[in-house]
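What follows is one structure encoded as C-alpha cells, with my remarks underneath.
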Protein chains: 2
Amino acid sequence: MSRIAPAMKTAITEKPRRRTQEERSEAMRKRLLAATLESLAEDGYAGSTLSSIVRRAGVSRGAQVHHYPSKQALLLDASEDLLKRTYRRLGTLLLSISEEDNRLQALVDACWEQMFATPLYRAYCELVAASQRDEELAQALGAMLRRVMALFEPAANYYFETSGTKLRPADMFLQLSCLLSGLGLQATLLSKPVIRSQLDGWVRQASPILRARKGITSPPPRPASWDRVLETVG
Amino acid sequence: MSRIAPAMKTAITEKPRRRTQEERSEAMRKRLLAATLESLAEDGYAGSTLSSIVRRAGVSRGAQVHHYPSKQALLLDASEDLLKRTYRRLGTLLLSISEEDNRLQALVDACWEQMFATPLYRAYCELVAASQRDEELAQALGAMLRRVMALFEPAANYYFETSGTKLRPADMFLQLSCLLSGLGLQATLLSKPVIRSQLDGWVRQASPILRARKGITSPPPRPASWDRVLETVG
DNA sequence: TCATTTACATACAGTCTGGACTGTATCATA
DNA sequence: TATGATACAGTCCAGACTGTATGTAAATGA
C-alpha cells in the first residue's frame with residue numbers, strides 16, 4: 001500500500017525522485033524566511049504571528065516549529081537572511097552603476113529604488129523598532145549594519161573621490177544612507193515630489209565635492225567578508 | 001456614610017474642594033496620553049496594550065474605556081498629543097538658539113538631543129511603522145508632518161540664508177530632518193562617534209552655503225497654525 | 001530490510017488582549 | 001433635593017498567540 005501513493009504522485013508531478021532530507025529542510029527554511037520577511041514588511045512586527053507566517057509560506061505549524069523552536073529563532077534567522085539579501089542587492093547595484101553616465105545620480109536613484117523604497121527596507125524598519133526591546137535582535141542588527149558598512153566603505157572609496165573637503169567618499173555615503181533611511185521610514189507620509197527633491201538636492205550638493213573616478217569600470221576589490229557571507233546562501 | 005469618606009480625604013489632602021468634571025476629565029486624559037506615549041517609546045507599538053497603558057497611568061480599565069471607546073481612538077489622540085509636544089519643543093528650541101554663537105551647530109545639536117534622540121521620537125517611529133497598516137493613523141501623521149514642516153519652513157528662512165546654491169534654507173533643513181530621522185531610527189545600533197561625526201559632517205558641509213542672518217534675535221513671525229495648535233493644549 | 005532519525009502534521013494548554021458589560025460614586029441642574 | 005449625566009471601577013468572554021506534546025510518513029544507514 002505504501003507503494004501506491006508514490007506511484008500516483010509520480011504520475012502527477014512527472015518527477016518521481018523524492019528529495020533528500022537536506023533539500024527538504026533547505027527548501028522549507030527558505031520558504032519560511034521569505035514568508036517572514038514578507039510578513040514583516042506587510043503585516044509589521046506585531047502582525048507577524050507564527051500562524052500568519054506559516055499561512056503565508058503555505059506550510060504547517062509543525063514544519064515551522066521543527067526548524068525554528070521559537071519565534072525568536074525564526075526572526076533572528078530572518079534578520080540574517082535580510083543581511084544576505086541586502087549584500088546581494090548592494091553588489092548588483094554597485095556593478096550596475098559602474099557603466100552609468102552620471103554615476104552619482106545613478107547611484108542615489110538606484111539605492112533609493114532598489115534598497116530603501118522596498119518591502120525589504122520596511123521589514124528592516126520593523127526589526128530595528130523591535131530591536132529596541134530585544135537585546136539579541138539589536139546585537140544581530142548592529143553586526144549586520146557594521147558588515148554592510150564595511151562592504152560599502154571600500155567600494156565607495158574605490159569608485160569615488162572627494163575634493164575640497166575633509167570628508168572621504170565613505171563619509172558622504174554614510175550621510176546618504178542616513179538620509180535615505182529617514183526618507184524611507186517616512187516615505188508613505190511624504191509626497192513624491194518632496195522625496196524626489198531631496199534625492200536631487202543631495203546629488204546637487206554633493207556633486208561639487210564628490211565625483212566618480214574616471215575609467216573605473218571594473219568591480220572594486222571585494223572585502224573577504226563579501227564572499228564569506230554569501231557562501232552560505234546557496 | 002457618604003459624608004464620611006470625603007471628610008477623611010479632606011483631612012489628608014488639605015484641599016477639600018472637589019475638582020469639577022471638566023478638570024477631572026482633562027487630568028485623566030492627560031495621564032492616559034502621557035502614559036500612552038511613554039508606553040509607545042518603551043514598550044513599542046505591539047507592547048502598548050491597554051492593560052499596560054492603564055497600569056502605567058495608574059488608572060483603571062474603566063477610566064480608559066470611558067474617555068476612549070477604542071484603542072484606536074486613544075492612539076489617534078496620542079498622535080495629536082505628540083504633535084503638540086513636538087510643536088512646543090520646536091518652539092522653545094528655536095528661541096533658545098537665537099542667541100547662540102554658532103547657530104547652525106547649536107541648532108543641529110539641539111534638534112538632535114531635544115527632538116530626535118528622545119523617547120518621544122521613538123514613539124513617533126513606532127507610530128510611523130504602525131501607520132503603514134493603518135490608514136487613519138497615516139492620515140493623522142501625514143497631516144502632523146505637514147504642519148510641523150509648515151512651522152519650521154518660515155522659521156528656517158527667517159533665521160538663515162543660503163548662498164551659492166539653488167536650495168533655500170528650508171530645503172537644507174528638510175534634508176537635515178531626514179538625516180536626523182535616519183540617525184534617530186538607528187541610534188541604538190550606531191556608535192556614538194559615528195553619530196557625532198555625522199552631525200558635525202552635515203554642519204561642516206552646510207556651513208559654506210548656509211549661514212544665520214546677522215542681528216536676528218527676535219522670534220520669527222509665527223504662522224497662524226502655531227497658536228491654533230497650541231491653544232487647545234491648556 | 002529493518003531500526004533509527006528526520007521532516008512534517010495536528011491537537012491542545014496556558015496566557016494575554018480588547019471590547020462589552022455591570023455597578024457605583026460624584027457632578028450639574030432644574 | 002431629585003434626577004439625569006458623567007467619571008470611574010471591576011469583571012467577563014471570545015478570540016488569538018506561542019509553546020508543547022503527540023502522531024505519522026519519509027529518509028537514512030547498517
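Per chain, numbering begins at 1; letters A, B, ... match sequence-line order.
Distance from the side chain of His67(B) is smallest for dA7(D) among the nucleotides dA7(C), dA7(D), dG18(C). Candidate nucleotides dC8(D), dC8(C), dT18(D) were compared by shortest atom distance to the side chain of His66(B), and dC8(D) ranks first. Side-chain proximity of Ser70(B) to the nucleotides dA7(C), dG19(C), dT18(D) is greatest for dG19(C). Among dT11(D), dA7(C), dG19(D), the nucleotide with an atom closest to any side-chain atom of Lys71(A) is dG19(D). When distances are taken from the side chain of Thr49(B) to each of dC17(D), dC8(C), dG18(C), the shortest belongs to dG18(C). The side chain of Leu50(B) lies closest to dG18(C) when the candidates are dA9(C), dG18(C), dT18(D).
Between the side chains of Gln72(B) and Asp134(B), a donor-acceptor pair is found at a separation under 3.5 Å. In summary, the side chains of Gln186(B) and Tyr124(A) do present a donor paired with an acceptor at a separation below 3.5 Å, with no hydrogens or angles considered.
The nearest whole Å value for the distance from the CD atom in Glu26(A) to the P atom in dC8(C) is 12 Å. Rounded to a whole Å, the CZ atom of Arg31(B) is 14 Å from the C1' atom of dA9(D). In this entry the distance linking CD of Gln64(A) with P of dG19(D) reads 8 Å, nearest Å. dT17(C) atom P lies 11 Å from atom CD1 of Ile53(B), rounded to whole Å. If you measure from atom OH of Tyr68(B) to atom P of dG18(C), you get 16 Å, rounded to the nearest angstrom. We find that CZ of Arg61(A) is positioned 14 Å from P of dA16(D), with the value rounded to whole Å. Between Met28(A) atom CE and dA9(C) atom C1' there is a gap of 10 Å when expressed in whole angstrom units. Residue Leu32(B) contributes atom CG, which lies 13 Å from atom P of dA7(D) at whole-angstrom precision.
Using the six-membered ring where Trp is involved, Phe173(A) and Phe152(A) have ring planes that are perpendicular, over 60° apart on the 30 and 60° scheme.
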